[in-house]
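First up is the structure itself, then whatever we jot down about it.
No experiment lies behind these values; they were computed from the predicted model shown.
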Amino acid sequence: MNQLEVGLFTKLTGASGLTGLLAAGTAGVYAYLAPLNEDAAYVVFSKQASTPRYTFGGVAVEDLLYQVRGVAVGPTMAAAGTIAKQIDLALNDQALTVSGYSHLYLRRESDIQYVETDPGGQRWNHAGALYRIVLDPT
């Protein structure tokens with residue numbers, strides 16, 4: 001994980017309202033991919049875009065977009081939606097500590113929600129959001 005992802009991981013695992021909903025508690029937060037056969041419910045986050053903003057002296061700010069979503073198994077979106085609400089409480093408009101950077105902005109930009117089924121017909125519900133993160137590389 002890079003320094004930003006360490007900051008996100010720390011923020012998410014430090015949110016007891018969120019980790020209390022996860023099958024593995026604080027161990028149920030993953031960067032990019034959950035382990036194979038992981039028990040739902042869990043959280044996965046991943047970078048979707050990174051757009052550095054330049055000035056004449058170099059990079060003025062790092063402008064990033066991260067997807068953060070809850071994953072839960074069940075017949076409805078309810079459990080994943082509850083996890084998504086707790087993710088939002090932990091992240092939206094909150095301060096983020098990232099080594100080597102000054103935090104400028106962290107805000108939910110758009111919601112995501114989708115369903116997958118595994119070969120056995122079990123429904124895997126995904127709910128969360130894309131979060132805009134702006135950092136000053138000081």
Side-chain angles (χ1 to χ4, degrees):
M1 285 192 283
N2 63 38
Q3 292 302 314
L4 169 58
E5 291 163 0
V6 169
L8 276 174
F9 179 82
T10 301
K11 182 62 88 173
L12 292 166
T13 57
S16 60
L18 172 60
T19 58
L21 298 172
L22 307 181
T26 58
V29 177
Y30 304 100
Y32 295 94
L33 185 64
L36 189 60
N37 298 319
E38 181 64 17
D39 290 334
Y42 55 83
V43 171
V44 177
F45 64 90
S46 58
K47 181 167 55 174
Q48 302 298 296
S50 176
T51 308
R53 305 293 180 193
Y54 290 93
T55 64
F56 290 112
V59 176
V61 296
E62 295 285 351
D63 185 353
L64 304 113
L65 195 61
Y66 269 76
Q67 179 188 101
V68 186
R69 59 188 161 85
V71 180
V73 173
T76 70
M77 190 60 71
T82 300
I83 294 169
K85 287 177 187 174
Q86 290 298 314
I87 291 168
D88 199 54
L89 288 172
L91 296 181
N92 194 50
D93 289 332
Q94 300 298 313
L96 188 63
T97 302
V98 180
S99 180
Y101 294 86
S102 294
H103 168 260
L104 299 175
Y105 186 82
L106 171 55
R107 182 166 289 167
R108 184 184 67 201
E109 197 158 283
S110 62
D111 296 338
I112 58 167
Q113 188 172 339
Y114 62 97
V115 176
E116 296 179 303
T117 55
D118 63 22
Q122 186 167 251
R123 180 180 161 135
W124 291 75
N125 304 295
H126 303 255
L130 297 176
Y131 288 87
R132 175 78 52 196
I133 303 167
V134 181
L135 303 171
D136 179 4
T138 56

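Nearest heavy-atom pair across His103 and Leu96 is CB-O, 3.1 Å. Residue Met77 comes nearest to Ala127 through the heavy atom pair SD-CB, 4.1 Å, listed as atom of the first residue, atom of the second, then distance. Across every non-hydrogen atom of Ala129 and Ile112, the tightest pair is N-CG1, 3.6 Å. The shortest non-hydrogen separation linking Glu5 to Met1 is OE1-CA, 3.5 Å. The two residues Thr117 and Arg123 make their nearest non-hydrogen contact at CG2-CA, 4.3 Å. For the pair Ala72 and Ala80, the tightest heavy-atom approach, listed with the atom from each and the gap, is CB-N, 3.8 Å.
From Thr26, atom OG1 reaches atom CG of Leu18 across 10.5 Å, with rounding to the nearest 0.5 Å. We find the OG-CD distance between Ser102 and Glu62 to be 12.5 Å, quoted to the nearest 0.5 Å. If you take CG on Leu135 and CG on Leu106, they are separated by 9.0 Å, rounding to the nearest 0.5 Å. Atom-to-atom distance recorded for Asn92:CG and Lys85:NZ is 14.5 Å, nearest 0.5 angstrom. The structure places CD1 of Ile133 at 8.0 Å from CG of Leu65, a figure rounded to the nearest 0.5 Å.
Asp118 places a side-chain N or O within 3.5 Å of a backbone atom of Gln122 that can act as its donor or acceptor partner. No side-chain donor-acceptor contact under 3.5 Å links Asn125 to the backbone of Ala78.
Under the 4.5 Å side-chain contact rule for hydrophobic residues, Phe9 and Tyr101 share a cluster. Tracing side-chain contacts under 4.5 Å through hydrophobic residues (I, L, V, M, F, W, Y), one never reaches Tyr114 starting from Val68; they form parts of separate clusters. By the criterion of side-chain heavy atoms lying less than 4.5 angstrom apart, applied directly or through intervening Ile, Leu, Val, Met, Phe, Trp or Tyr residues, Leu22 is grouped together with Tyr32 in one hydrophobic cluster.
Annotation: side chain of Tyr131 is not in contact with side chain of Leu8 (no heavy-atom distance under 4.5 Å). Contact annotation: the side chain of Tyr66 approaches that of Leu4 to within less than 4.5 Å [non-hydrogen atoms, C-beta and beyond].
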### Task
In sequence, state the C-alpha distance, the side-chain angles, and the governing distance for Val71 and Ile83, and then conclude on side-chain contact (heavy atoms from CB on, under 4.5 Å).
CA-CA 8 Å; Val71 180; Ile83 294 169; over 6 Å; no
### Task
Go through Thr97 and Thr10 one step at a time and tell me if the side-chain contact (heavy atoms from CB on, under 4.5 Å) criterion holds.
CA-CA 9 Å; Thr97 302; Thr10 301; over 6 Å; no
### Task
For side-chain contact (heavy atoms from CB on, under 4.5 Å), just list the numbers for Arg108 and Leu91, CA-CA rounded to whole Å, side-chain angles, deciding distance to a tenth of an Å, and then say yes or no.
CA-CA 8 Å; Arg108 184 184 67 201; Leu91 296 181; over 6 Å; no
Table please: side-chain donor-acceptor pairs of residues 37-46 below 3.5 Å, with sequence neighbours left out.
| from | atom 1 | to | atom 2 | distance (Å) |
| --- | --- | --- | --- | --- |
| Glu38 | OE1 | Tyr30 | OH | 3.4 |
| Glu38 | OE2 | Tyr30 | OH | 2.8 |
| Ser46 | OG | Gln48 | NE2 | 3.1 |

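Considering Arg132, Lys47, Arg107 as possible partners of Asp63, the one that fulfils the salt bridge (charged side-chain N to carboxylate O under 4.0 Å, His left out) test is Arg132.
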